[in-house]
Amino acid sequence: MPPDPALATARRAVSSLDHRIEAVTGHDVDTLWAYRDRGVLDEPHVRLVDRHRELARAETGVTFYRTLLHRLTSGEFPVDGPLFERIDRTVDQLEEAADTRDTAAQRVIAALEPLEAAGPTAPAAGGEPISAADQAALLSIAGGAKVHAHLLTGRMSVPTASGSRIPYAHLQQLEAAALVSRDTSHTVEAGQPVTLTDTGRAALARSRGHRPAAVPPAPRPGTWPAAPTRPHR
């Protein structure tokens, strides 16, 4: 009897490697998973999170069969031949789940050790951690952002898919630091998409010493902020 997928996704399983992951990245595991879903991690951290998710699923399987074995031996069922068969089958399944868990753990370690060897380095150019404001702006941009110019005034704005707006001067600072780039093949009147650079992803993933900014909510269909149509007074 396989684990119920609904139960498996209801709560993330805790693994023995969580503390090492959090120590080297500077973020708790739940935050890292959220960053992975937002597409703001660089490749080494993407690999680490993906393998950690495999480990979490494997831990859920171990927990499921261990709980089932405990129930079978708790005295709830009559002690007879069918019970012995169920216990034997569950023990085999638990052993298989543990082997899967151990293999997944080794894959996590293989992704973790290069990051540990490199050490928790500061991400931003010049060795300084990014500010909380920069971190929040990068997170918003990761969810989707465009540079727009007002049709009448030419005033520049940077609306994001999450509904927030980033000051244009702030965007210029992020561009100067090589944390973001814009697609200039589009006109500013139509909207120039803004994306994180590899440096920006690394800065966001490895920033330390600052409390992680909240991940902006995923946009609902049809809720992309429209470019301004009236002059600001």
Side-chain angles (χ1 to χ4, degrees), residues 1-120 139 142-143 162 201 204-206 208 211-221:
M1 180 179 178
D4 184 345
L7 294 176
T9 58
R11 174 184 295 182
R12 178 183 62 80
V14 177
S15 78
S16 60
L17 298 174
D18 286 7
H19 70 287
R20 288 177 61 181
I21 293 173
E22 293 174 355
V24 77
T25 64
H27 298 300
D28 62 75
V29 170
D30 290 328
T31 298
L32 284 172
W33 282 30
Y35 284 177
R36 172 66 175 94
D37 292 338
R38 301 296 290 177
V40 300
L41 298 180
D42 58 7
E43 184 57 33
H45 288 82
V46 167
R47 186 181 307 111
L48 175 63
V49 172
D50 287 347
R51 292 184 177 180
H52 182 263
R53 280 178 162 166
E54 295 175 0
L55 175 59
R57 287 193 292 268
E59 289 282 8
T60 300
V62 171
T63 300
F64 176 85
Y65 291 115
R66 183 173 56 203
T67 302
L68 177 58
L69 182 61
H70 175 74
R71 181 185 176 193
L72 292 175
T73 58
S74 65
E76 178 180 349
F77 302 98
V79 179
D80 52 17
L83 177 62
F84 294 143
E85 292 178 2
R86 290 188 65 186
I87 291 175
D88 288 341
R89 184 167 60 249
T90 301
V91 169
D92 291 341
Q93 292 169 326
L94 178 59
E95 183 177 4
E96 182 178 348
D99 289 341
T100 300
R101 187 266 321 274
D102 293 343
T103 300
Q106 290 303 314
R107 287 170 55 82
V108 171
I109 291 173
L112 183 60
E113 286 180 339
L115 296 176
E116 290 178 326
L139 283 171
S162 64
R201 293 188 183 90
L204 191 56
R206 299 180 186 178
R208 300 178 64 85
R211 184 175 180 177
V215 178
R220 300 186 302 277

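Computed over heavy atoms, backbone and side chain alike; hydrogens, waters and symmetry mates excluded. This structure is a prediction, so every number in the text was calculated from the model and none was measured.
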If you measure from CZ on R89 to CG on D92, what distance do you get to the nearest 0.5 Å?
9.5 Å
Nearest heavy-atom contact between D28 and T31 is OD1-N, 2.8 Å
Taking the side chain as every heavy atom from C-beta outward, state whether D80 and L83 have any pair of such atoms under 4.5 Å apart.
yes
Donor-acceptor contacts under 3.5 Å from residues 105-115 side chains, at least two apart:
{"residue": "R107", "atom": "NE", "partner": "E54", "partner atom": "OE1", "Å": "3.1"}

Does any non-hydrogen side-chain atom of V79 lie less than 4.5 Å from one of F84?
yes
Can you find a heavy atom in the side chain of H52 that is under 4.5 Å from one in the side chain of D18?
yes
Side-chain contact, heavy-atom cut-off 4.5 Å: F77 with R86?
yes
Non-hydrogen side-chain atoms of R71 and T67 separated by less than 4.5 Å:
no
Rounded to the nearest 0.5 Å, what separation is found between the CZ atom of R51 and the CD1 atom of I21?
12.0 Å
Determine whether a donor-acceptor pair (N or O, by modelled atom type, separation under 3.5 Å) exists between the side chain of E22 and the backbone of V29.
yes
Could you grab the distance from atom CG of L204 to atom NE2 of H45, nearest 0.5 Å is fine?
10.5 Å
Can you list everything that forms a side-chain hydrogen bond (donor to acceptor under 3.5 Å, both in side chains) with D50? Sequence neighbours excluded, please.
R36
So which atom in T90 and which in Y65 form the shortest heavy-atom distance, rounded to 0.1 Å?
CG2-O, 3.6 Å
Measuring from T100:OG1 to L55:CG, what's the distance to the nearest 0.5 Å?
11.0 Å
I need the minimum non-hydrogen distance between L41 and L32, along with the two atoms involved.
CD1-O, 3.8 Å
